[in-house]
Amino acid sequence: MTAMVNVVEILRGRGLVEAVTAPELEGVLTKPATVYAGFDPTSASLQAGNLVAVMAQAHFQRAGHSVIALIGGATGMIGDPSGKDQERQLLSVETVRRNADGIRENLSRFLDFSHPSAPARIVNNYDWLGGFSYLEFLRDVGKHFRMGTMLGRESVRARLNSAAGMSYTEFSYQMLQAYDFLHLYDTAGCTVQVGGSDQWGNITAGIDLIRRQRGAEAYGLTTPLICDSNGQKFGKSEGNAVYLNADRTSPYAFYQFFFRSADTDVIRYLKTFTFAPLEEIAGLEAQTAAEPEKRAAQRRLAVDVTRGVHGEAGLQSAERASAVLFGESMDGLNADELLDVFRDVPSIVLPRAQVAGAAVVALAELAGLCATRGAARRLIESGGFYVNNRRVADLAVTVGDGDLVNGRLLVLRSGKKNFYLVKVE
RNA sequence: GGUGGGGUACCCAAGUGGCCAAAGGGAGCAGACUGUAAAUCUGCCGGCUAACGCCUUCGAAGGUUCGAAUCCUUCCCCCACCA
């Protein structure tokens, strides 16, 4: 058998390694291993921040290892206290199930489930934890945990010292995740767990359990928490999370999120969120230094990630919309072309009677572009309001039939980049 | 349970009878400059209004007063120290 590529080295080179539990991991990975990462079904879609763990797993699979994505159908009902300062709201069984389906869809874009020798697998820990009785669990699992160790975990200590405190339920979380690791070790020969840096405690809990119960060594690798150069957690756009599902974050908005990356972040992001070879990234870095206004690195980042998540069709619609919105004029486009370009932009349908003859202030509020009439007034007075890409700074201006593209479409805009489509019927 | 300190707008925080829709900072929105970046500067930032102004807000409910975020009463919640 030919020597395997050193996946840890690849991950390091891309800034995807925060820490490993033992240096021997690299040696272990010279032979095919089974690697798992868990995903919390708190939402029906993964967020951009989750891409770090997903990419790490994809690199493992590309290097010839078997990967398992674990959806926390059971643990999601309990709530992982790691990195949270509040007790979590419990999710219903139904919600967790629905969310698990959404996440499965997201993951399928990155992991190869039909790989000939090592197909990726998705498992749900509800399948083995759901039927556990409390007594059984205490006897078979809880017995192997020491209070001192559990209380010493960072996630527990931080919460016990906080005003919010911690419930017994959340305190028990670490045992469940540890048991997952043991279960996957037993049933799939899984010896490596990958997770965010906040997962360190949960991962080592699993490693301890496997050592105690089976006398075997298991390993963990954590990925760093990605922040932008301002120290803000990665994956928020205008205060909202960036999701992978198209119905939550449109391909256009998704593309734009990456395209707007700062120069100081974009090279790091390319390494982390794309498979672009490091030599190419070095080239883009040089180009960014020489002619930053071309935004070549940002474009490459946006293109690669959007294609990965939304496919070729999603990428094309995002690029087409971006070209029109930020470059070419929208004059000369008819309503159908505009509808196509703005497919991903928020829109509202209004009856003709409410639009024709309406003052722009009223319209901005009515369409939902501004929360209140006053906000609409201020926006217009400060010169940040556009109708069909033309600035309107006068409150008294009204919209007439002649302003509607093909008599049925109006493009509103706030600031440089927030478009809003009004469909008239 | 005792004692002390608190609850002010999205967040932090000043304000102890009228000049308070409430200082300052942060976040946010917009403008200028740029490159859809960063930094900087400017404006806005409870609601309605073209504006004068009107309405609702300072933990909750009552009360005193011409007038209350500010004083009084009761209640709720939080924090610190002690038990």
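Convention: sequence-line order gives letters A, B, ...; per-chain numbering from 1. Every heavy atom of this structure was used, including side-chain atoms; hydrogens, water molecules and symmetry mates were not.
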* Using purine N1 to pyrimidine N3 plus N6-O4 or O6-N4 for Watson-Crick, or N1-O2 and O6-N3 for G-U wobble, each under 3.5 Å, what pairs with C41(B)? -> G31(B)
* Could you work out the separation of C66(B) and A14(B) based on their C1' atoms and round it to a whole Å? => 28 Å
* Considering Watson-Crick and G-U wobble pairs with both distances under 3.5 Å, what does C52(B) pair with? -> none
* Residue matched to A13(B) through Watson-Crick or wobble contacts both under 3.5 angstrom -> none
* Structure fact -> Sorted by number, residues from residues 270-291 of chain A placing a heavy atom under 4.0 Å from RNA chain B are none
* **salt bridge (Lys or Arg N to Asp or Glu O under 4.0 Å) contacts in which one or both residues fall within residues 133-146 of chain A, not counting sequence neighbours** => none
* Would you indicate whether the side-chain heavy atoms of Leu51(A) and Leu46(A) approach each other to under 4.5 Å? => no
* Can you tell me how far C1' in C76(B) sits from the matching atom in A61(B), rounded to whole Å? -> 10 Å
* To do: Using the C1' atom on both, measure C79(B) against G31(B) and round to a whole Å.
  => 43 Å
* Asked: How far does the C1' atom of C71(B) sit from the matching atom of C44(B), given to the nearest Å?
  -> 36 Å
* Worked check of ring pair (Phe, Tyr, Trp, His ring centres under 6.0 Å) between Tyr36(A) and Phe181(A) -> CA-CA 8 Å; Tyr36(A) 107 84; Phe181(A) 202 172; 5.6 Å; yes
* Asked: If we call it a pair only when both distances are under 3.5 Å in a Watson-Crick or G-U wobble match, what pairs with U3(B)?
  -> A80(B)
* **Interatomic distance where CZ belongs to Arg378(A) and P belongs to A51(B) [whole Å]** => 11 Å
* Spell out, as yes or no, whether a donor-acceptor pair under 3.5 Å connects the side chain of Ser45(A) to the backbone of Leu244(A). => yes
* Where does the angle between the aromatic ring planes of Phe273(A) and Tyr269(A) fall among parallel (under 30°), tilted (30 to 60°) and perpendicular (over 60°)? -> perpendicular
* Which value, in whole Å, describes the distance between the C1' atoms of nucleotides C41(B) and A69(B)? -> 35 Å
* Asked: U64(B) and C48(B): how far apart are their C1' atoms, nearest whole angstrom?
  -> 32 Å
* Structure fact -> Atom CD1 of Ile380(A) and atom P of C44(B) are separated, to the nearest Å, by 17 Å
* Structure fact -> Rounded to the nearest 0.5 Å, the CE atom of Met55(A) sits from the CZ atom of Arg14(A) at a distance of 6.5 Å
* Partner nucleotide of A68(B) by Watson-Crick or wobble geometry (both distances under 3.5 Å) -> none
* Structure fact -> Nucleotide by nucleotide, nucleotides 31-38 of chain B touches protein heavy atoms under 4.0 Å in the pattern (B base, S sugar-phosphate only, - none) SSBBBBS-
* **Spacing of the C1' atoms in C58(B) and U8(B) (rounded, Å)** => 4 Å
* Asked: Between Asp208(A) and Arg212(A), does at least one N-O distance fall below 4.0 Å, as a salt bridge requires?
  -> no
* **Euclidean distance for P, G6(B) against C72(B) (whole angstrom)** => 13 Å
* Asked: So which of Phe258(A), Tyr252(A), Phe257(A) actually passes ring pair (Phe, Tyr, Trp, His ring centres under 6.0 Å) with Phe254(A)?
  -> Phe258(A)
* **Whole-Å distance separating the CG atom of Leu379(A) from the C1' atom of A30(B)** => 6 Å
* Side-chain contact test, heavy atoms from C-beta onward, threshold under 4.5 Å: evaluate it for Gln61(A) versus His115(A) and give yes or no. => yes
* Salt-bridge test for Glu9(A) and Arg12(A): reply yes if a basic N is under 4.0 Å from a carboxylate O, no otherwise. => no
